[in-house]
Amino acid sequence: MDSFMKTIEWIDRRVRIIDQTQLPHKLKFIYLRSVRDVVEAIKSMKVRGAPVIGVAAAYGIVLGYPKLKQTAKVLIASRPTANSIAWAVKRMLKVKGGRAELLREAQRIAREDVEINRRIGKNGSKLIKSGMTVLTHCNAGALATVDYGTALGVIRAAKAQGKRFKVMATETRPLLQGARLTAWELKRLRIPFRLITDSMAGHFMQRGEVDLVVVGADRIAQNLDVANKIGTYSLAVLVKENGVPFYVAAPFSVIDKSIRTGNDIPIEQRSKEEVLSFAGKRSAPKGIRAANPAFDVTPHNYITGIITEKEIMHVSKKS
Ligand code: MRU
């Protein structure tokens with residue numbers, strides 16, 4: 001199976017998305033009819049992952065027509081770390097014409113996303129050889145994009161070339177994008193994998209059981225520091241210590257040229273309840289404090305390369 005179902009699609013004057021909060025138990029589609037619906041779906045992570053929230057924002061602009069300035073503002077404020085929302089909104093605001101032209105542009109952005117992911121997949125697949133174990137973190141698959149995926153796109157492309165390798169997926173606390181979403185995708189794709197908790201990664205690297213790490217990105221600074229799901233930096237440090245190559249798979253549009261270094265990337269702080277509970281059930285005592293940054297920044301010197309739709313950019317030889 002080489003194509004999934006579209007994570008997001010404009011159907012009959014509405015935006016259809018997969019409600020990702022229901023996975024892996026239920027594959028449920030929901031419809032967004034207004035800007036408010038789009039903002040709510042992004043904030044509650046019914047739709048999540050950098051590329052697809054950019055596409056959701058582009059459709060949000062169509063739904064908000066003709067109140068474009070106001071719509072742009074609420075969409076950009078919905079989640080702060082991924083560059084994709086601001087990128088897509090900016091592109092939509094350049095469109096000359098009315099609602100029909102805006103819709104055409106949003107659909108073009110969605111189509112391009114799939115095309116770009118396939119090219120990222122093809123470029124990155126060269127790094128995977130038969131017999132390897134590839135570790136990935138969070139969900140950077142079809143669900144995080146319109147279709148195909150970035151980091152998982154690399155894995156899919158290698159599988160489509162007939163390579164035989166294994167995957168290790170981290171569960172990704174606190175929202176379990178790895179356990180719920182990446183595991184769901186890999187199972188459907190029939191790619192052999194093992195699910196591990198985030199804290200097991202170092203153990204497997206130390207035993208020489210991880211050959212390559214590929215993750216996605218939410219925003220990349222001018223100096224190529226990368227913001228991605230919380231836990232990515234810890235993995236990058238472990239990787240360096242254990243001599244494993246560390247690659248980031250992302251479209252060029254994730255690079256934010258207005259931001260000089262990773263220190264300037266805004267980090268989303270989410271509800272403490274996500275940490276105080278596990279899979280929706282309270283797991284910590286009442287009356288305690290918690291912290292919940294949703295992303296972290298990996299400095300560029302920990303990154304071996306960035307796999308883009310054009311090429312693999314070699315970043316650091318030292319990792
Ligand atoms: O908080 P999320 O689930 O939206 O975070 C997603 C990630 O961090 C992904 O790894 C990243 O967006 C890359 S998606 C291709």
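Everything numeric here is computed off the predicted structure, so don't read it as measured data. Atom set for the values below is all heavy atoms of this structure, side chains included, hydrogens, waters and symmetry mates excluded.
Taking hydrophobic clusters as Ile, Leu, Val, Met, Phe, Trp and Tyr residues chained together by side-chain heavy-atom distances below 4.5 Å, Leu212 shares a cluster with Ile120. Hydrophobic clustering (side-chain heavy atoms under 4.5 Å, transitive across Ile, Leu, Val, Met, Phe, Trp, Tyr) keeps Ile8 apart from Phe29. Taken together through direct or relayed side-chain contacts under 4.5 Å among Ile, Leu, Val, Met, Phe, Trp and Tyr, Ile76 and Phe295 form parts of separate hydrophobic clusters. Placement of Ile265 and Val226 in two distinct hydrophobic clusters is found when ILVMFWY residues are connected by side-chain heavy-atom separations under 4.5 Å, directly or transitively. Hydrophobic clustering of Ile, Leu, Val, Met, Phe, Trp and Tyr side chains at less than 4.5 Å, counting indirect connections, keeps Trp87 apart from Val254.
Note that CG of Asn83 is 9.5 Å distant from CD1 of Ile255, once rounded to the nearest 0.5 Å. Remark: Thr197 OG1 to Arg173 CZ distance equals 11.0 Å, nearest 0.5 Å. Rounded to the nearest 0.5 angstrom, Met168 CE and Ile196 CD1 are separated by 5.5 Å.
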Given the rule in the side-chain contact (heavy atoms from CB on, under 4.5 Å) test, do Val239 and Thr304 qualify, once you have shown the distances and angles that lead to the verdict? CA-CA 10 Å; Val239 152; Thr304 315; 5.7 Å; no

Any chance you could lay out the side-chain contact (heavy atoms from CB on, under 4.5 Å) test for Thr170 and Leu135, step after step, and finish with the verdict? CA-CA 8 Å; Thr170 55; Leu135 185 143; 4.2 Å; yes

Stepwise side-chain contact (heavy atoms from CB on, under 4.5 Å) check, Ile303 with Leu224: CA-CA 9 Å; Ile303 298 166; Leu224 304 181; over 6 Å; no

Check against side-chain contact (heavy atoms from CB on, under 4.5 Å), Ser34 and Asp37: CA-CA 5 Å; Ser34 63; Asp37 286 353; 3.3 Å; yes

Would Asn117 and Thr150 satisfy side-chain hydrogen bond (donor to acceptor under 3.5 Å, both in side chains), going step by step from the backbone distance to the final call? CA-CA 5 Å; Asn117 291 339; Thr150 54; 5.6 Å; no

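Both tests do not hold together for Lys166 against Phe193: distance to the six-membered ring centre under 6.0 Å, angle to the ring axis within 45°. At least one test fails for Arg180 against the ring of Trp184: distance under 6.0 Å to the centre or angle within 45° of the axis.
Remark: the backbone N or O of Val146 is paired with a side-chain donor or acceptor of Asp113 at under 3.5 angstrom. Under a 3.5 Å cut-off, the side chain of Asn292 and the backbone N or O of Lys272 do not form any donor-acceptor pair. Thr308 places a side-chain N or O within 3.5 Å of a backbone atom of Glu311 that can act as its donor or acceptor partner. A donor-acceptor pair is defined here as one N or O able to donate and one able to accept, closer than 3.5 Å; such a pair exists between the side chain of Thr172 and the backbone of Cys138. In this structure, the side chain of Asp296 engages the main chain of Gly231 through a donor-acceptor pair within 3.5 Å. At least one donor-acceptor pair under 3.5 Å links the side chain of Thr136 to the backbone N or O of Val214. At least one donor-acceptor pair closer than 3.5 Å links the side chain of Thr81 to the backbone N or O of Pro266. Here the side chain of Lys159 pairs no donor or acceptor atom with the backbone of Arg164 at under 3.5 angstrom.
Ion pair Glu112/Arg108 not flagged as a salt bridge, since none of the NZ, NE, NH1 or NH2 atoms sits closer than 4.0 Å to an Asp/Glu carboxylate oxygen. A salt bridge links Arg104 to Glu101: at least one charged side-chain nitrogen sits closer than 4.0 Å to a carboxylate oxygen.
Scored by the ring-ring contact (aromatic ring centres under 6.0 Å, His included) test, Phe165 finds no partners at all (sequence neighbours excluded). Residues passing the side chain to side chain contact (heavy atoms under 4.5 Å, CB included) test with Pro293, sequence neighbours excluded: Ile230, Ile267, Gln269, Ala291. Partners of Glu273 by side chain to side chain contact (heavy atoms under 4.5 Å, CB included), not counting sequence neighbours, listed by chain and number: Ser271, Leu276, Arg282. Under the rule for a side chain to side chain contact (heavy atoms under 4.5 Å, CB included), the partners of Ser78 that lie at least two apart in sequence or sit in another chain are Val39, Ile42, Lys43, Ile85. Ser258 pairs by the side chain to side chain contact (heavy atoms under 4.5 Å, CB included) definition with Asp256, not counting sequence neighbours. Every residue was checked against the side-chain hydrogen bond (donor to acceptor under 3.5 Å, both in side chains) condition with Gln222, not counting sequence neighbours, and none meets it.
Within a 6.0 Å sphere centred on NZ of Lys163, other residues, nucleotides and ligands contribute more than 12 heavy atoms. Surrounding CZ of Arg36 are at most 12 heavy atoms belonging to other residues, nucleotides or ligands under 6.0 Å away.
Residues Ile259 and Arg219 come closest through the heavy atom pair CD1-NH1, 3.8 Å. Shown here for Gly216 and Ala151, the closest heavy-atom pair between the two residues is N-CB, 4.0 Å. Between Arg156 and Ala142, the shortest heavy-atom contact is NH1-CB, 3.8 Å. Scanning all heavy atoms of the two residues, the minimum distance from Gly131 to Asp211 falls at O-OD2, 4.2 Å.
Clustering of Ile, Leu, Val, Met, Phe, Trp and Tyr side chains at separations under 4.5 Å leaves Tyr31 isolated, with no partner residue. In this structure, Leu175 belongs to a hydrophobic cluster whose other members, linked by side-chain heavy atoms under 4.5 Å apart, are Met45.
You'll find the side chain of Asn139 reaches within 4.5 Å of the side chain of Leu152, heavy atoms only. For the pair Ile306 and His300, the minimum side-chain heavy-atom distance is 4.5 Å or more. By the 4.5 Å heavy-atom criterion applied to side chains, Val114 and Arg118 are counted as neighbours. No side-chain heavy atom of Lys240 sits under 4.5 Å from any side-chain heavy atom of Phe246. Side-chain contact between Leu127 and Val154 is absent, with no heavy atoms from C-beta onward closer than 4.5 Å. Inter-residue side-chain proximity for Val237 and Ser234 is flagged as unmet; no heavy-atom pair is nearer than 4.5 Å. Residues Phe278 and Leu176 meet the side-chain proximity criterion, which asks for heavy atoms closer than 4.5 Å. A 4.5 Å side-chain heavy-atom check between Arg79 and Arg270 finds at least one atom pair inside the cut-off.
When the options Asn228, Asp264, Asp225 are evaluated for a side chain to side chain contact (heavy atoms under 4.5 Å, CB included) with Val297, the one that passes is Asp225.
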For residues 15-27, run the donor-acceptor check on the side chains, cut-off 3.5 Å, and write out each pair with its distance to 0.1 Å, sequence neighbours left out.
residue, atom, partner, partner atom, Å
Asp19, OD1, Thr21, N, 3.0
Asp19, OD1, Thr21, OG1, 2.5
Asp19, OD2, Thr21, OG1, 3.4
Gln20, OE1, Arg48, NH1, 2.9
Gln20, NE2, Leu143, O, 2.8

For residues 201-209, which side-chain donor-acceptor pairs fall under 3.5 Å, sequence neighbours excluded?
residue, atom, partner, partner atom, Å
Arg207, NE, Glu209, OE2, 3.2

Could you go through residues 50-75 and list every donor-acceptor pair under 3.5 Å that involves a side-chain atom there, pairing it with any protein atom two or more places apart or in another chain?
residue, atom, partner, partner atom, Å
Thr71, OG1, Lys67, O, 2.5

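Sorted by first and then second residue, the pairs that involve residues 219-238 and meet ring pair (Phe, Tyr, Trp, His ring centres under 6.0 Å), not counting sequence neighbours, are Tyr233-Tyr302.
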